[in-house]
Each structure stands twice: as C-alpha cells, then as structure tokens.
Asker: 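Sharing a structure here in structure tokens format.
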Amino acid sequence: MNTKTNLTPESWQYRDLNERTPSLSVMADTLIELADQGYPIAAGTADLQHSNGLVKFANAYPDRFVQFGISEQNMVSAAAGMATTGMIPYVATFASFLGLLTCEQIRMDVAYCAQPVRLIGHHTGISMGFYGTSHHATEDISTMRAIADLTVVSPADGAQFRQLLLESANYPEPIYFRIGRGHEPAVYSENEQFQLGKAKVHGMGSDITIIACGMAVHGAKEAVAELNKIGYSAGLIDMHTIKPLDEAAVLEAVNHSRIILTVEEHNILGGLGSAVAEIMAENPGKARLKRHGIMDEYALISPPQRLYQHYKLDGLGVREIAEALL
Amino acid sequence: MSDITDISLQEAQSLEERAQFVRLETIRLIEIAKVGHYSSVFSCAEIFSALYYDVMSISDDPKWPLRDRFLMGKGHAAVGLFPVLADLGYFPKDWLDSYTRLGSPLGDHPDMRKVPGVDFSSGSIGHALSNGVGIAMGGRMQEQNFDVFVMLGDGEMQEGQVWEAAISAANHKLSNVIAIVDRNGYQLDGKVDDIMAIEPLDEKWRAFGWEVHEVDGHDIVALTSILRRVKADKMREKPCCIIAKTVKGKGIDYMETEPGWHLGYLSPEDSEKARQTILNTRISGDPQ
C-alpha cells in the first residue's frame, strides 16, 4: 500500500510495481504454490525483487529467499552450489545480465555441473524500451542455446509461463526462462496445458507457417488470423521451448508450407530463426525461410509498444512482413 | 585436559605422511599426463592432508548429506586431490592410472559429475567461493549443520567474483564457510605481487567482514590446529578466512626457487629423483 502523503493517487514509486502489474506476480505466485506443495524451492534475485515480483515469495518464504545484491555472477554460482544440497533454486534478474554477464557461470556451474537451477531472465528483448542497450537482451537466446544440457524456454504470456514453471519443478535439467516485463498481452487461457520441449501448434498453413516465441507469439497470432481472413492459408507454431527444439513440428511445417517465417524479440543471429534455419538446412523441404526479429543491430530507444511497432513485432508488423513474402 | 587444538606427535606424523603421499602421487600421475601442476599441489599438500584426514566430518559415503564440503578455486591442483579421494575409498584406486587418458573421469580439473567425492567442479578461477556460499545457504535452509571449506589460490584474489562471494558470505553471516587462501606467492605469469598486488590481504578479508587467521601452511601442527579451532568455534557469527603462507613447489628445491614451474613435466629420471627427495624429507619424529 502507498503510504505516501501529499501526493496525488497517480504518483507511484518502485515498491508499488508489483501491485501495479499483477502479471509480474506470476513467477512469485507459482513458486509459492510449488513451495506450498512441498517442493524445496528457493528463490534469489540481484536487487530486483520488486521488478520481478519475487518480493512476494520473499514475504511468504523469507528463509528460502536470498537477496544477492548487485552481484549476478555470485548469484548464479551460489544457486548452483545450493542446488547440490537438494534445493531447487530459481534465480531471476534482467535477461541482459543473466544471459550475457553470467554466461560463463551458467555454463560452468549450472549446465556443466547439471544442477537443477532455474534461471529466469526477465525484461528480455527490447521490453526495457528507453532504458537502452545495456538493458536490452537480444542475444540471450543465442548465448544460452549454445550451452550444452541447458533447456531454453521463452513463454508467450503469463499463463504459459505459469504452466511451464509448474512443470519445471519436476524437470531434471537446468532451465533458462526468458520472460518479458509482465505487460505481455494474454495469448492463452489460464488452464491451457503445455509441455517443455513440445511446440504448441496452432495450425499449419499451406502458404505460410509462422514460428514464433515469447511476446512475438501474440503479434504472430494476430497476423495469422488476418492473413487467413484475406484468403491465405496461414499457420502458427508457438515454439516456447527453443532448446531442445521440437524438430518434428518444424519439419511438419517445412513439408506443409511454402514459407516459414520465424518471429522473435531477439537478434536474428543465433536465436529461434537460427535454430529453425539449422533444421531446415539439414532437412530440405519445400518451404523457404525468412527470419524476422532484430536485424543484428542495437535497438533504438522508445517506450516498448512503440519499439514493437517500429521493429514490426506487433500484429500489424508481422502481417506486413508475411504479406511481403506471399 | 587436552585441548582439541593439541595435535599429538602421532597425529602429526600421520598427517605429514599423507601430505607426502599427495606429493608422490602427484609426481606419479603427472608422469602419465606428461604435463601438470606439480608446484600448485606441493604448496597445498598439507591443506589436503589436514582437511581430509583430520578436520572435516566425512564418511564412507561421498554423498552423505551432512558431510563437510571441500571446494577449490584452484582446480588445477586436482591431481593432488584425486589420490586422497581414492585413498578414502570414494572410487577405485586404478582410476588414478587412467589420469587424463581418453574418457578418464580424472582430468586436470575436478569434475563432480565424474568423480565421486568432488563436492563441486572447478576450473574457472573465481567461482568456488560463490559455490560454497550457495552450499552453505542450502544447508541452512534445510537446517543441516555442515561446514564448507573453500581453498582459493592467491592469484584467484584478483578475480572480482571472489569479492562478491566474500561480501555475501559476511552479509548472510555464513559462519560455516571457511576459506583457505593458499598464499604461495606465484601465479602463471610470475609473482602475484608483481602481476597484480593483493596485499594487505588480511586487511581486505577483514574489511569484507571475515574473521582472519594466518598460519604457516606447511606446519601441519599449526595448520591442523587452527582448522580444528575455527571448525569448533560455534560462537563465531562471521565466515572465516585462513591465509596459509605456503611455498609454491614446496619440497623440491628448484621448483621452490625458480619461477615457471606452475606448469611443467619431469622426465622419468627426474621424477624418480624428485620422489627420492620427497621420501627423504624429514617428518615429525624423524631423527634430527
């Protein structure tokens, strides 16, 4: 609750973030749910408990929450150590730091040591908007995907994130989750089921199938609906798990569609588009490929919604990209 | 009444023999690899011996949840740890004969996925104290009272992550984390204090909120005594750092005096001479 006096109700400060953006709470709520069920869940963050909502977990399970301060590398290495004692640590910070600054700790201490740490890179892609390049994460899929034995997951919305988080409690391998800032429009209903490693196929189009992940799924879904409305046969695959990639779903699309369009809030180098390209290069089918995302550049700054328009990651933009191919 | 920190002559002899064993086995294993970190092990042979054969609470089961943990930031000294773990029965002794050969579990750095008894893998210098901090936190969350010993190289003090871990161990009052700095004075490119000076090291650790002790890392009685004392101290509210003053290459004169032995190889003939030198080194109770 706000205790500020002499301010109008529209004013707010950092600690109000969690109340202002309820979908930010998906992570903490789900972890609390798992801990309540008896899973040995621990959580940690690096001075971002209000930004990622883990403050709720900290309040519910103070003895199982670790505030690491601004020391992301220590956090990741410590989480790996903690996992050896039987805890399941979920550590969260901005994806720009987790996916790049702590890349080596993730490789050595988490993935190579096969510890069931769950790394949650939030505010990924360009969702930090005008905070600029230091806070943008358009390389994290690429770095994480190159690490052996690490599962890489990019949920489309809060409902999917929740389901995949629940599944993660029993998942034997380390996971990197790449999530947004909690403002993502809903794609799925609350109880829709998903499986790590298994793409959510919304349909195959004989003209075009879009393969998207993360926040881009929403825009892609809108685009597909529009394309079908105007007479094309368009399909959509939500590739929430980028590694291990659901190759069967990709190959089905490659043999069904004229065009495969990948859409991601990430550099087109190394991300989902690259993963799909690798499969297509080794398994030639009838489809040709177009990768769409951030075109190997540092994004401009602006409020995020405007950035999504600019980089054609919203429904209209994805449709434009698709129509130009058709 | 005897104090727990009193080390009997018999205990001292036995621990010195185990340190000698570590050095001899290191020479033997490096003959297989034809390259290795003799001098890095020779500086911490007594630390291995004191911890594994006296101080740490361990059992026959290398996965016993309540065991004390040992981690090392200077993972390149693993060639000295493997013989100890085999000697404790954690894996068959003949694994040692495969050291560094194709598919062997035993390489230059310790791998927890492959080697029973290795509490955490290492090789990337600077991670181990963080790993130890996390282990201590996990133990605390589950009300398990074990101690976490983390041996660090002195060159490792130059890694920023060490100090992230140090500040967090103090902040979270992880009094069961005991760091041991193998202060042998040398790193790969030369003298630590020429490459990137780290002194005053004791003041640095104190300033980061740690209790600090200094000890001669080759004096088995003094070393074991201080390790027993800090392990037994349940009143301490902060983590503890022991700066072990050591000599890189301890026991082999040319390794002690010539820089450059961080990595090297001794021919079979020179290995045999080194073995004899070590066997002839006086231990407690030997005639003066």
Side-chain angles (χ1 to χ4, degrees), chain A residues 35 38-47 57-58 61-91 93 97 101-117 119 147-149 172-174, chain B residues 62-71 73 75 107 109-115 118-146 148 150 159-174 176-177 208:
Chain A
Y39 288 98
I41 305 292
T45 191
D47 199 30
F57 184 89
Y61 285 96
D63 296 339
R64 293 215 220 151
F65 174 78
V66 182
Q67 173 58 267
F68 282 96
I70 308 171
S71 62
E72 294 81 6
Q73 297 168 84
N74 183 47
M75 175 172 78
V76 169
S77 296
M82 188 186 292
T84 68
T85 69
M87 301 300 293
I88 309 176
Y90 289 72
V91 290
T93 185
F97 306 142
L101 175 63
T102 72
C103 187
E104 201 254 355
Q105 284 76 11
I106 292 172
R107 180 180 78 119
M108 279 310 300
D109 299 348
V110 176
Y112 180 58
C113 292
Q115 294 307 310
V117 174
L119 305 144
I147 294 175
D149 296 340
E173 311 226 328
Chain B
K63 291 192 175 302
W64 179 42
L66 300 182
R67 71 191 184 281
D68 285 348
R69 279 20 176 220
F70 175 73
L71 293 83
H109 296 94
D111 186 331
M112 67 190 292
R113 290 174 75 172
K114 297 175 181 165
V115 187
V118 169
D119 288 318
F120 210 91
S121 305
S122 81
S124 181
I125 284 174
H127 293 204
L129 190 58
S130 294
N131 302 141
V133 160
I135 291 172
M137 288 171 170
R140 177 185 284 179
M141 287 173 187
Q142 296 165 94
E143 296 177 356
Q144 298 171 339
N145 295 311
F146 52 73
V148 184
V150 186
E159 280 279 9
Q161 191 179 343
V162 170
W163 302 102
E164 290 187 5
I167 205 168
S168 70
N171 177 77
H172 291 286
K173 296 188 168 55
L174 299 174
N176 58 336
V177 172
F208 274 74

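By convention in this document, chain letters (A, B, ...) are assigned in the order of the sequence lines, proteins followed by strands, and residues within each chain are numbered from 1. Remember, it's a predicted structure, so these values are computed and weren't measured experimentally.
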Asker: Less than 4.0 Å between a side-chain N and a carboxylate O, is that true for D149(A) and R113(B)?
Answerer: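 Yes, this pair counts.
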Asker: Heavy-atom pairs under 4.5 Å with chain A are the metric here; pick the option from L129(B), D111(B), V133(B), N171(B) that has the most.
Answerer: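 The candidate making the most pairs under 4.5 Å is D111(B).
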Asker: Measure distances from D109(A) to the heavy atoms of chain B and classify the residue's part below 4.5 Å as side chain, backbone, both or neither.
Answerer: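 Both parts, backbone and side chain.
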Asker: Most heavy-atom pairs under 4.5 angstrom with chain B, which of M75(A), Q105(A), M108(A), Q67(A)?
Answerer: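 Of M75(A), Q105(A), M108(A), Q67(A), Q105(A) has the most heavy-atom pairs under 4.5 Å with chain B.
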Asker: Side chain, backbone, both or neither: which part of Y112(A) has an atom under 4.5 Å from a heavy atom of chain B?
Answerer: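 It is both, since atoms from each part get that close.
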Asker: Can you say whether R69(B) sits under 4.5 Å from chain A via the side chain, the backbone, both, or neither, judging by heavy atoms?
Answerer: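 Interface part for R69(B): side chain.
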Asker: Would you say the ring centers of F57(A) and Y61(A) fall short of 6.0 Å from each other?
Answerer: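 Yes.
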Asker: Determine the option with the most heavy-atom pairs under 4.5 angstrom with chain A, choosing from Q144(B), M112(B), H172(B), Q142(B).
Answerer: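 Counting heavy-atom pairs under 4.5 Å, the top option is Q142(B).
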Asker: How long is the span from the CD1 atom in I147(A) to the CD1 atom in I106(A), to the nearest 0.5 Å?
Answerer: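 Answer for the CD1-CD1 pair, I147(A) versus I106(A), is 6.0 Å.
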Asker: Do the non-hydrogen side-chain atoms of I135(B) and M82(A) ever get within less than 4.5 Å of each other?
Answerer: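 In short, these two side chains do not touch, never coming nearer than 4.5 Å.
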Asker: Closest heavy-atom contact between S124(B) and H127(B)?
Answerer: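 Minimum heavy-atom contact is OG-NE2, 3.2 Å.
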Asker: Please flag which part of E104(A) lies under 4.5 Å from any non-hydrogen atom of chain B: side chain, backbone, both or neither.
Answerer: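 Answer is both: backbone and side chain atoms of E104(A) are under 4.5 Å from chain B.
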Asker: Just checking, is any N or O donor in the side chain of S77(A) or Q161(B) under 3.5 Å from an acceptor N or O on the other one?
Answerer: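 Checked: S77(A)/Q161(B) side chains pair up, N/O donor to acceptor below 3.5 Å.
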